[in-house]
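Numbering of ligands and ligand atoms starts at 1, following listing order.
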Amino acid sequence: MGVGKVNLRRGVILDRDGTLIDVVRDEETGAITTAFHPSHLRLLAGVEEGLRLLHDAGYVLAIATNQPGPAKGHFGRAAVERTNDALVTMLADRGIPIAKVATCMHHPDGGAGGDASLVGPCPCRKPKPGLLLDLMQELALDPAQSWMLGDTSSDVEAGHAAGLRAGLIFAPNRCELCPLRPPHGMTASTRRPPDLAGATVRDLALKIANTP
Ligand SMILES: [Mg+2]
Ligand SMILES: [Zn+2]
């Protein structure tokens, strides 16, 4: 066994929206957005318990999130940073340390009033593995002992591309899952399924804590 290898830690990298926190629904218009202000933060069921379980089991916790809002002109970079920081503080107040948040603010097409410097292809927007690879290097995580957890096929794909195992938050009443179900004509082999699935972070954490 290499000397460096034993120093690598195990980690769990989590998606943000739809995994840790809920999306934001405007009561009047019915429009759905992702959280872009600290007042929007609502932890999803099972998140606090699940993260505490993973932390207690020795996993380093980190977040990898796509936030294309600034590229699309929906809100600014500072709004994303402030919201991410508030989430980290909210979890820290509950005794759950988040080692690092990695954020992709790019978008391939952008939008009206968007920050032009963020528009175009990038190596970090999930399903690409850039955010995860950066986190693994910075936090010295061992891919063989680490996981990516998220609520979309994009998270699963990014996890696998980074050499991690991947767990899918699979709430049966949610439509974001549709991309995960192979459409007609697609063979099972064209998309590698998640290594685990569960309705909440807690469900996945229980399974991970019991996985060698
Ligand atoms: Mg998500
Ligand atoms: Zn990016």
Self-check item: Which atom of His106 approaches the Zn ion (ligand 2) most closely (N/O/S)
Solution: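 It is ND1 of His106.
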
Quiz item: Under the 3.5 angstrom rule, does the side chain of Lys207 hit a backbone N or O of Ala197 as a donor-acceptor pair?
Solution: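 Yes: the side chain of Lys207 pairs with the backbone of Ala197.
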
Exercise. Calculate the angle formed at the Zn ion (ligand 2) by SG in Cys122 and SG in Cys104; 10° precision is enough.
Key: 110°

For [X], what is the atom name of its N, O or S atom nearest to the Mg ion (ligand 1)?
{"X": "Asp151", "result": "OD1"}
{"X": "Asp15", "result": "OD2"}
{"X": "Asp17", "result": "O"}

We want to know whether [X] and [Y] form a side-chain donor-acceptor pair, criterion being a heavy-atom distance below 3.5 angstrom.
{"X": "Asp155", "Y": "Thr19", "answer": "no"}
{"X": "Gln67", "Y": "Asn84", "answer": "no"}
{"X": "Asp195", "Y": "His160", "answer": "yes"}

Exercise. Confirm or rule out an N/O/S atom of Asp155, from backbone or side chain, lying less than 2.8 Å from the Mg ion (ligand 1).
Key: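 It does not: Asp155 brings no N, O or S atom closer than 2.8 Å to the Mg ion (ligand 1).
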
Self-check item: Ring centre gap for Tyr59 and His55 strictly below 6.0 Å
Solution: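 Ring-ring flag for Tyr59/His55: false, centres at least 6.0 Å apart.
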
